[in-house]
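Some notes on the structure that comes next.
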Amino acid sequence: MQFNVSAERPDLFKTDLAIVGVFKDQQAGAAVRALSRKTAAISAVLKNGDFTGNTGELLLLTDTAGLSCKRILLVGCGKRDKFDRQAYRKALRAAFAWSGKKGYADAACYLGLDSVKGADVFRRARIAAETWHDAAYRFTQMKSKAAQDDNGKKPAGPKKLIFAVRDSKAAAAARKGIKQGDALGQGMSLTRDLANLPGNVCTPAYLAKTARSLARGAKNMSCKVLSEADMKKLGMGSLLSVTAGSDQPAHLIVLEYKGAAAGRKPTALVGKGITFDTGGISIKPAAAMDEMKYDMSGAASVLGTFKAIAELQPRQNIVGVIPTCENMPGGSATKPGDIVTSMSGQTIEVLNTDAEGRLILCDALTYAQKFHKPAAIVDIATLTGACVIALGSHHSGLMANSDKLAGKLLAAGRAADDRAWQLPLGKDYEKQLASNFADMANIGGREAGTITAGCFLGKFTRDTDWAHLDIAGTAWRGGKDKGSTGRPVPLLLEFLLNN
Ligand code: BES
Ligand code: MN
Ligand code: ZN
């Protein structure tokens with residue numbers, strides 16, 4: 001998709017489709033007023049009640065005599081005083097989903113961006129480009145060729161989307177916002193593709209291949225993939241205990257982006273990459289087990305964020321570390337009660353093989369600190385079912401050993417409409433991880449399951465500013481349109497760009 005910006009008046013704009021926002025209270029916005037000076041078509045449908053302006057309502061007008069556009073798509077924006085970011089996103093998504101199915105050469109968007117000034121222009125432009133990608137997203141690569149053709153593999157058009165702004169000052173801000181939103185949308189689409197792919201396709205090797213090709217195609221980016229033998233040499237007994245029952249080789253993927261001076265400490269992102277979580281010997285019930293293909297969503301969000309970073313080239317150093325393997329039962333699988341030694345030297349009693357995410361993350365966290373000396377580490381993981389119970393699918397769970405870092409991530413989540421909510425850590429909870437036989441157990445009982453998982457990771461990040469995002473509830477949605485959401489790429493990108 002080619003995004004452009006223009007300050008052209010809507011009545012003079014030559015386009016296949018003018019997308020025009022209309023408020024419910026009939027206080028016409030600038031675009032409606034300009035068009036209405038030359039056509040009665042809009043006022044007619046507003047007067048006769050054919051269009052009420054509810055948020056996301058659509059009506060196509062084809063009588064455009066006297067205007068330069070071939071069609072007008074009226075898009076309801078709800079009440080003007082209730083037009084918040086949520087309403088803006090909803091109206092845009094409706095318009096883009098509709099126009100994305102048409103074969104028009106271009107479309108000009110007079111919705112929300114043409115009426116604002118200052119910082120709002122950047123933010124709304126970013127949202128608009130992001131929303132275009134969201135509305136256009138399809139996951140069809142696992143359908144047969146015939147089925148893909150029937151459904152229309154790619155949305156037909158338009159090829160060009162022009163966002164209208166009020167003046168040239170707004171145009172500059174809009175271009176910046178669109179660039180970010182475009183990069184964000186592409187990153188989220190990669191994250192969604194990877195997470196939606198089934199476990200028999202998206203294996204640890206597949207994630208490694210994706211990371212390599214991402215780095216190959218980008219400036220200032222490199223990728224290294226560690227094998228099981230490498231990990232054994234490093235003493236990653238905890239990570240390797242999770243992959244013991246699987247026939248797929250485990251990997252540790254390391255992505256490096258260097259956009260700043262070599263001396264500047266990087267920010268590290270560490271993403272859980274369990275490409276399928278059966279639970280291992282502590283096997284999960286059959287119902288909905290298929291959803292455990294999403295258990296690499298943390299890894300996918302790191303890759304999606306790196307895709308956006310590759311596009312935007314910020315002046316930052318960033319490292320991504322992705323421990324990836326399957327969690328399978330088998331003759332050589334780890335058994336409940338087995339004790340393993342992590343790269344940090346701390347020993348772990350594996351009381352439940354289904355609490356595997358923390359077992360791969362702890363060694364990746366140690367690796368990131370030892371070899372990259374980051375200024376801050378953020379890990380991202382579909383770590384606990386308890387987080388879905390606590391926060392549902394609206395907020396990601398956030399835990400941190402630094403209130404400053406937590407504050408930055410919470411603020412980034414609010415700014416990007418990809419929210420997180422902080423949960424506490426601390427000694428009282430940490431005690432639940434006590435083991436009679438090893439330095440710690442890998443589970444802490446039924447109470448506060450999300451927090452004790454966070455406490456476990458905290459034992460491996462004592463000397464670095466660290467935060468943990470539990471995205472079990474936010475990374476994917478169930479139900480009729482089940483699939484990956486692409487979260488928390490918006491939060492992560494916002495956080496990195498503000499750093
Ligand atoms: N991948 C799961 C967490 C999960 C569960 C994500 C449901 C999304 C939906 C994780 O590996 C897991 O199995 N966690 C256990 C931990 C327990 C054994 C302490 C859980 O949440 O049940
Ligand atoms: Mn598990
Ligand atoms: Zn898991």
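Counting starts at 1 for both ligands and their atoms, in listed order. Scope of the values below: all heavy atoms of this structure, side chains included, with no hydrogens, waters or symmetry mates.
Taking any N or O of Arg358, backbone or side chain, none lies under 3.5 Å from an N or O belonging to ligand 1. Considering backbone and side-chain N/O of Gly357, none are found under 3.5 Å from N/O of ligand 1.
The distance from ligand 1 to the heavy atoms of Ala472 drops below 4.0 Å at these ligand atoms: 6 (C), 8 (C). Near Ile443, with a cut-off below 4.0 Å to any heavy atom, the atoms of ligand 1 are 19 (C). Shown in contact with Asn352 at under 4.0 Å from a heavy atom are these atoms of ligand 1, numbered in order with element: 18 (C). Short contacts between ligand 1 and Glu356, defined as distances under 4.0 Å to a heavy atom of the residue, involve ligand atoms 11 (O).
For the Mn ion (ligand 2), the N/O/S atoms of Asp295 include none lying under 2.8 Å.
No side-chain donor from either of Trp132 and Asp182 sits under 3.5 Å from a side-chain acceptor of the other. Gln248 and Ser246 form no side-chain donor-acceptor contact under 3.5 Å, judged by distance and modelled atom types alone. Side-chain atoms of Thr131 and Asp134 include no donor-acceptor pair closer than 3.5 Å. Between the side chains of Asn196 and Tyr137, at least one donor N or O sits under 3.5 Å from an acceptor N or O. Residues Asn327 and Thr278 bring no donor and acceptor atom of their side chains to less than 3.5 Å of each other. Under the 3.5 Å distance criterion, with hydrogens and angles disregarded, no donor-acceptor pair is assigned to the side chains of Ser344 and Thr366.
Listed by chain and number, Lys272 NZ, Asp277 OD2, Asp295 OD2, Glu356 OE2 are the protein N/O/S atoms closer than 2.8 Å to the Zn ion (ligand 3), with waters left out.
Of the protein's non-hydrogen atoms, the one nearest atom 20 (C) of ligand 1 is Gly385 N, 3.9 Å. Of the protein's non-hydrogen atoms, Leu383 O, 3.3 Å is the one closest to atom 10 (C) of ligand 1. In this structure, the protein non-hydrogen atom closest to atom 15 (C) of ligand 1 is Asp354 O, 4.0 Å. What sits closest to atom 1 (N) of ligand 1 on the protein, heavy atoms only, is Asp295 OD1, 2.8 Å. Of all protein heavy atoms, the one closest to atom 2 (C) of ligand 1 is Asp277 OD2, 3.6 Å.
In Lys284, the NZ atom is crowded: over 12 heavy atoms of neighbouring residues, nucleotides or ligands sit closer than 6.0 Å. Taking a 6.0 Å sphere around CG of Asp247, one finds it holds 12 or fewer heavy atoms contributed by other residues, nucleotides or ligands.
Atom OD2 is the N/O/S atom of Asp277 found closest to the Mn ion (ligand 2). Closest approach between the Mn ion (ligand 2) and any N/O/S atom of Glu356 involves OE1.
With a 4.0 Å cut-off on non-hydrogen atoms, Ile274 does not touch ligand 1 at all.
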For a quick test of your reading: what N or O donor-acceptor pairs under 3.5 Å do the side chains of residues 424-434 make, sequence neighbours left out?
unit_1	atom_1	unit_2	atom_2	d
Glu430	OE2	Lys459	NZ	3.4
Glu430	OE2	Arg462	NH2	3.1
Gln432	NE2	Gly444	O	2.6
Gln432	NE2	Glu447	O	3.1

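Val319 places a side-chain heavy atom less than 4.5 Å from the side chain of Pro266. In this structure the side chain of Asn499 reaches within 4.5 angstrom of the side chain of Lys408, judged on heavy atoms. Leu197 is listed as a side-chain neighbour of Phe139, based on a closest heavy-atom distance under 4.5 Å.
Of the candidates Glu291, Met292, Lys272, Lys284, Met292 brings a heavy atom nearest to atom 8 (C) of ligand 1.
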Side chain to side chain contact (heavy atoms under 4.5 Å, CB included) between Thr353 and Asn442, worked out: CA-CA 9 Å; Thr353 64; Asn442 78 326; over 6 Å; no
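Protein heavy atoms are found inside the 4.0 Å sphere centred on atom 13 (O) of ligand 1.
Taking the six-membered ring for Trp and thresholds of 30 and 60 degrees, Trp421 and His395 have ring planes more than 60 degrees apart, a perpendicular arrangement.
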